[in-house]
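Below is one structure, written out as structure tokens, with a few remarks after it.
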Protein chains: 2
Amino acid sequence: MPRAEKTKPAEAGARQRLIEATAKVMRDEGYAAATSRRVAAEAGVKQALVYYYFPTMDDLFVEVLRAGAEASLQNMRAALTDDDPLTTLWQINTDLRRTALNTEFMALANHRKAIRAELKAYAERVRDIETAAVTVALRAKGIDLEDYPPVAVSMLIVQIARSLCNENAVGVTLGHDEMRTFMERLLDLWGGQGGDRPQR
Amino acid sequence: MPRAEKTKPAEAGARQRLIEATAKVMRDEGYAAATSRRVAAEAGVKQALVYYYFPTMDDLFVEVLRAGAEASLQNMRAALTDDDPLTTLWQINTDLRRTALNTEFMALANHRKAIRAELKAYAERVRDIETAAVTVALRAKGIDLEDYPPVAVSMLIVQIARSLCNENAVGVTLGHDEMRTFMERLLDLWGGQGGDRPQR
DNA sequence: GTCTATAGTCCGATAGAC
DNA sequence: GTCTATCGGACTATAGAC
């Protein structure tokens, strides 16, 4: 088994480099551009080597998804113990690199069974962790969990953050300032450090 | 000029049939599947005819986007005069056919300049109309427009509705019931028929 | 306006040398 | 483990007959 798991992509194993190269191409040019030739060139290997490590291109895509999923889950678990999990949740989903890749996988999953199954499993695990973190935050703030179901609050935060990123990527920014300000107020109201004076 | 603008796709002109066929293929199989051969077959014509009507495939995509945009704008203008515009806004963006196509165009726009420009222009026109409708509704309800900027409220409604559809399409439904209930409450609070008792 | 035919490119995937 | 070489197919777009 090769040592040095934590090296830079340049000197990592070919398999790892292929996964990272595929993620990069998907982010920059869309999943349709992530062909075996294109990702091999990006990783500095020849096209046929892709099929030594991955039976089909879909298998490679699934591995890219898994790698990103594991990284995301690590981040989320850290957010759970944070002192302001709601803001952390917002910030994580404001990362363009992450959201761009997520969008590509949503599009891919719409039409590829194997990827759909993997994405579903991952999305639900992430949502469970997010919901747990939000539950703690709302409870600390004395907010009625019946009125504000943690799973709904966490979905709202995540999806609005992502949609701002997605729109930004295509140059749409109308209303974004107002939306960000509005969300900052909500994040503070629902999860700020203050005690239990939730509604004003 | 040919008569009978309002006929069914089957007997409409080839150009119109190609536009509708392309929309269908994009919805069902993703933009990557919308090749000249595929859409021509769907429209019942030969592949080369696509290039008689559209210089490139991107030009065809832009026409599909325009057609959908005009239809959407019509719907939105109707929502403006509705007695519950917020719920109407929610319902329009809960239509799977519309949101699926929208998602494909967002993905396309991420990597195709011509489509990005067209999508941006359309998205901002739609948002203006939505914001106008929401402004009227919030004002009628006596809600402070400083605390609840109409553009933010309309973005929130639209984006959450769409994200439920998008997740549904890939089989993710965890938390959806809670989210829908939560949004129903918000829609009623912000735009229900009741007078001006906004916060409880 | 619609067709056939084709040029030229790129694709996924496999066979087999080293 | 990485390579060269190649098959068969699909793609965009064009040329030109009818």
For residues [X] and [Y], report the shortest heavy-atom separation together with the two atoms involved.
X      : Y     : answer
A:D84  : A:T87 : OD2-OG1, 2.8 Å
A:R125 : A:L73 : NH2-CD1, 3.1 Å
A:A14  : A:L49 : CB-CD2, 4.1 Å

Between the side chains of B:T56 and B:D59, does any donor sit under 3.5 Å from an acceptor?
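Indeed, the side chains of B:T56 and B:D59 share at least one donor-acceptor pair under 3.5 Å.
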Could you give the [atom1]-to-[atom2] distance, from [X] to [N], as a whole number of Å?
X     : N      : atom1 : atom2 : result
A:R37 : C:dT14 : CZ    : P     : 13 Å
A:F61 : C:dC11 : CZ    : C1'   : 12 Å
A:Q16 : D:dT2  : CD    : P     : 13 Å
B:F54 : D:dT14 : CZ    : P     : 15 Å
A:Y53 : C:dA13 : OH    : C1'   : 18 Å
B:R38 : D:dG9  : CZ    : P     : 19 Å
A:R17 : D:dG1  : CZ    : P     : 13 Å

Identify, residue by residue, the members of residues 44-52 of chain A with a heavy atom below 4.0 Å from DNA chain C, and return them in order of residue number, or none.
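The answer is A:Q47, A:A48, A:Y51.
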With sequence neighbours excluded, tell me which residues meet ring-ring contact (aromatic ring centres under 6.0 Å, His included) with B:F182.
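ring-ring contact (aromatic ring centres under 6.0 Å, His included) list for B:F182, sorted by chain: A:Y148.
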Between the side chain of B:R17 and the main-chain N/O of B:A43, is any donor-acceptor distance below 3.5 Å?
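It does hold such a pair.
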